[in-house]
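When a ligand or atom number is given, it counts from 1 through the structure's own listing order.
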Amino acid sequence: MDCLDVAALAARLPPSPRTRFAPSPTGYLHLGHVVNALYVWGLTAHLNGRVLLRFETHDQIRSRAEYVQAITEDLDWLGFHADEGPVDQTDDGRYAGALAGLAEAGHVYVCGCSRKDWVEPADGAATPSVYDGRCRDRGLADGPGRSLRFKVQPGTESFEDGRGVLHDQDPLRLNGDIILRDRDGQWSYHLAVTVDDRDQGIDFVIRGEDLLDATGVQLRLTRMLGRPRPPVFLHHALLMAEPGRKLSKSNRDTGVRDLRATGASPAEVIGLAAYRAGLTATAGPLRAQDAAAMVGSGPGPGTVRARTRVLG
Ligand code: GLU
């Protein structure tokens with residue numbers, strides 16, 4: 001069980017906060033999603049909040065209607081029912097509007113590079129982990145095959161996460177000039193989630209720690225998009241397929257559909273997810289309604305909030 005201090009969280013959030021469960025319909029639901037659902041529904045219940053179901057369809061090339069339908073059915077089967085939605089990221093002009101505002105303020109430039117152009121190092125050089133901004137001052141015109149990037153300024157983004165841990169992230173070093181609209185004309189993950197979290201009034205973002213490095217740059221984007229009070233971000237441990245290997249949606253041993261096909265019950269699937277994420281000592285059955293008990297508690301006697309500072 002993850003003993004998150006719910007009273008401390010509630011003190012930082014509005015009453016009845018809005019959270020979101022935001023799967024990308026580029027594959028089927030797997031146990032990693034179930035762990036995220038345990039946190040989202042569990043913490044939202046503690047906080048007397050509301051869960052919005054949002055399908056992150058910004059990647060229209062990889063998103064598929066059949067996955068939207070399968071995820072909807074599997075969530076329902078597991079017993080995770082959203083209070084609001086579903087919504088998706090079908091372009092309704094909000095992303096273009098956000099981009100236009102950023103461009104007008106001089107924060108956007110046209111990039112003519114493909115990933116290959118900057119990922120392949122010159123002889124002897126180390127492989128860069130983020131885009132080096134080489135098109136920043138080229139003054140390229142927008143056009144087919146060109147992407148648009150956010151001109152990330154140097155400087156630290158400091159935030160206290162939902163566990164009370166202080167993070168100092170340097171988005172330029174960590175993320176580089178992130179893409180806002182890619183070469184195929186699709187809205188990027190960073191732009192789409194930031195605009196959606198703003199427009200949908202998301203107060204509390206609960207997601208896996210694989211996305212921790214995205215938080216600083218998204219906080220910066222949030223403020224530049226005119227939202228002075230950004231959400232609180234909480235990152236939880238990921239479910240591991242094997243030590244050191246992240247799960248992918250194609251892992252057949254962890255697909256909710258595949259487990260269903262073996263005759264597993266919803267409670268068995270949820271229990272397995274909780275166990276594989278270290279929330280329980282055994283893989284016994286658990287119901288969606290047990291989520292709150294798994295992920296949080298009020299501060300007991302002697303509870304000390306972590307005040308570590310983490311540099312990113
Ligand atoms: N759609 C993302 C995913 O499925 C989650 C994005 C987010 O929480 O910011 O991993």
For atom 6 (C) of ligand 1, state which one of R207, R54, E56 supplies the nearest heavy atom.
E56
Could you tell me whether Y28 and Y67 have their ring centroids closer than 6.0 angstrom?
yes
Pull out every atom of ligand 1 sitting under 4.0 Å from any heavy atom of Y189, numbered as shown with elements.
6 (C), 7 (C), 9 (O)
Below 4.0 angstrom from a heavy atom of S24, which ligand 1 atoms are there? Numbered from 1 as shown, please.
1 (N), 2 (C), 3 (C), 4 (O)
Below 4.0 angstrom from a heavy atom of R20, which ligand 1 atoms are there? Numbered from 1 as shown, please.
7 (C), 8 (O), 9 (O)
Look at the side chain of H167 and the backbone N and O of Q169, then say whether any donor-acceptor pair between them is shorter than 3.5 Å.
no
V205, any N or O under 3.5 Å of ligand 1 N or O:
no
With backbone taken as N, CA, C and O and side chain as the heavy atoms from C-beta onward, which portion of A22 lies under 4.0 Å from ligand 1: side chain, backbone, both, or neither?
backbone
Should we say atom CD of E104 is surrounded by more than 12 heavy atoms from elsewhere, each under 6.0 Å from it?
no
If only side-chain N and O atoms count, and only distance matters, is there a donor-acceptor pair under 3.5 Å linking Y189 with Q218?
yes
Any donor-acceptor N or O pair under 3.5 Å, side chains N175, Y131:
no
Has the side chain of Q89 got a donor or acceptor atom that lies under 3.5 Å from a matching backbone atom of T57?
yes
N/O to N/O below 3.5 Å, does that happen between H33 and ligand 1?
no
